[in-house]
Amino acid sequence: MQQQKRQPELVEGNLPVFVFPTELIFYADDQSTHKQVLTLYNPYEFALKFKVLCTSPNKYVVVDAAGAVKPQCCVDIVIRHKDVRASHFGVIDKFRLQVSEQSQRKALGRKEVIAMLLPSAKEQQQKEEEEKRMKEHFAESVFFEQAPSQPDARNSSSGPSLLMVFLGMVCIAALMMPTLGEIESMVPLYLHLSVNQKLVAAYVLGLVTMVVLRT
């Protein structure tokens, strides 16, 4: 005994609707795209009625906005964009296809299709290619952990080192000491310095001063 094919349970709004394509892209600089075709498929064992609704009906002309599809057949729905202008670029409109049984008025299922007007097909293609290259670049990139930066020793120093300060003070003290040959001095004789020793102290003090000014 041949088993009959079981029909899907007809619950309002839950019947799958098969439409191709799922989006309509119109290009202002290409008149051939101002006319698009939606194909509605009926894979079921019963006929379907359909109706096409739109969020912006003033922009479009829908040929055969309502009709019927025989079981396991399809129907083409022609949609023309009649209001091509720059103010509509990038605006997203929607078409809704509602289907129902021949003997019923309640919608068994619905499908929404996005429609958009763009200025140029070439610009859109270049943009898509650029986005594709960017995705491929990020997919192929290899990332490494960033090593912590080392502070510059010259910039991190807060001032002259203690050694430079101490050396400078020694040189200043040496220059203040009395010179050999001075009799009237309260400083012990062993602290008296010669002229050559004072010249060396003055030279070292000059070097220390240059180093301090650079730090």
Side-chain angles (χ1 to χ4, degrees), residues 1-140:
M1 183 176 178
Q2 186 177 3
Q3 293 183 352
Q4 294 182 350
K5 292 184 179 180
R6 188 177 179 183
Q7 294 183 358
E9 186 178 354
L10 301 181
V11 181
E12 183 179 358
N14 291 338
L15 186 72
V17 179
F18 300 93
V19 181
F20 182 83
T22 57
E23 63 178 14
L24 301 175
I25 304 298
F26 303 88
Y27 296 102
D29 64 345
D30 187 357
Q31 290 189 356
S32 64
T33 65
H34 296 178
K35 176 184 175 181
Q36 302 274 354
V37 177
L38 279 178
T39 302
L40 174 62
Y41 297 90
N42 180 10
Y44 305 109
E45 299 294 331
F46 52 89
L48 290 175
K49 292 190 304 183
F50 69 88
K51 181 185 293 186
V52 182
L53 306 175
C54 183
T55 56
S56 302
N58 296 330
K59 294 183 184 179
Y60 306 92
V61 174
V62 181
V63 180
D64 297 331
V69 191
K70 296 179 180 180
Q72 298 182 351
C73 292
C74 63
V75 63
D76 290 335
I77 304 169
V78 178
I79 298 177
R80 292 189 177 92
H81 201 304
K82 65 176 183 178
D83 194 7
V84 178
R85 62 173 106 174
S87 59
H88 294 158
F89 291 168
V91 177
I92 297 177
D93 299 320
K94 291 183 180 180
F95 289 92
R96 173 179 289 180
L97 282 82
Q98 294 184 172
V99 298
S100 60
E101 271 193 298
Q102 290 278 15
S103 59
Q104 295 184 0
R105 299 181 60 184
K106 294 182 179 180
L108 296 177
R110 57 179 59 89
K111 181 75 172 183
E112 292 186 352
V113 176
I114 293 175
M116 186 185 303
L117 176 66
L118 297 177
S120 174
K122 293 182 179 179
E123 291 180 3
Q124 181 66 16
Q125 184 178 4
Q126 291 176 355
K127 182 178 179 181
E128 291 177 355
E129 292 178 354
E130 182 66 23
E131 291 177 353
K132 183 179 179 181
R133 285 196 297 267
M134 291 293 291
K135 289 180 181 179
E136 292 176 351
H137 175 72
F138 282 115
E140 297 173 357

Member of Leu40, Leu38, Val37, Asp64 meeting the side chain to side chain contact (heavy atoms under 4.5 Å, CB included) criterion with Asp76: Val37
What distance do [X] atom [atom1] and [Y] atom [atom2] have between them, rounded to the nearest 0.5 Å?
X: Ile114; Y: Phe95; atom1: CD1; atom2: CZ; result: 12.0 Å
X: Leu108; Y: Gln98; atom1: CG; atom2: CD; result: 10.5 Å
X: Asp30; Y: Ile25; atom1: CG; atom2: CD1; result: 13.0 Å
X: Lys82; Y: Asn58; atom1: NZ; atom2: CG; result: 6.0 Å
X: Lys94; Y: Glu112; atom1: NZ; atom2: CD; result: 5.0 Å
X: Asp93; Y: Ile79; atom1: CG; atom2: CD1; result: 11.0 Å

Any side-chain heavy atom of [X] sitting closer than 4.5 Å to one from [Y]?
X: Val78; Y: Lys35; answer: yes
X: Leu97; Y: Ile77; answer: yes
X: Val63; Y: Arg80; answer: yes

Flag, side chain of His81 to backbone of Asp83, donor-acceptor distance under 3.5 Å: yes
Exceeds 12 heavy-atom contacts within 6.0 angstrom, atom CZ of Phe20: no
Whether over 12 other heavy atoms sit under 6.0 Å from Lys49 NZ: yes
Minimum heavy-atom distance between Val17 and Gly109, given as atom pair plus value: CG2-C, 3.6 Å
Geometric class of the Tyr44/Phe18 ring pair [parallel <30°, tilted 30-60°, perpendicular >60°]: tilted
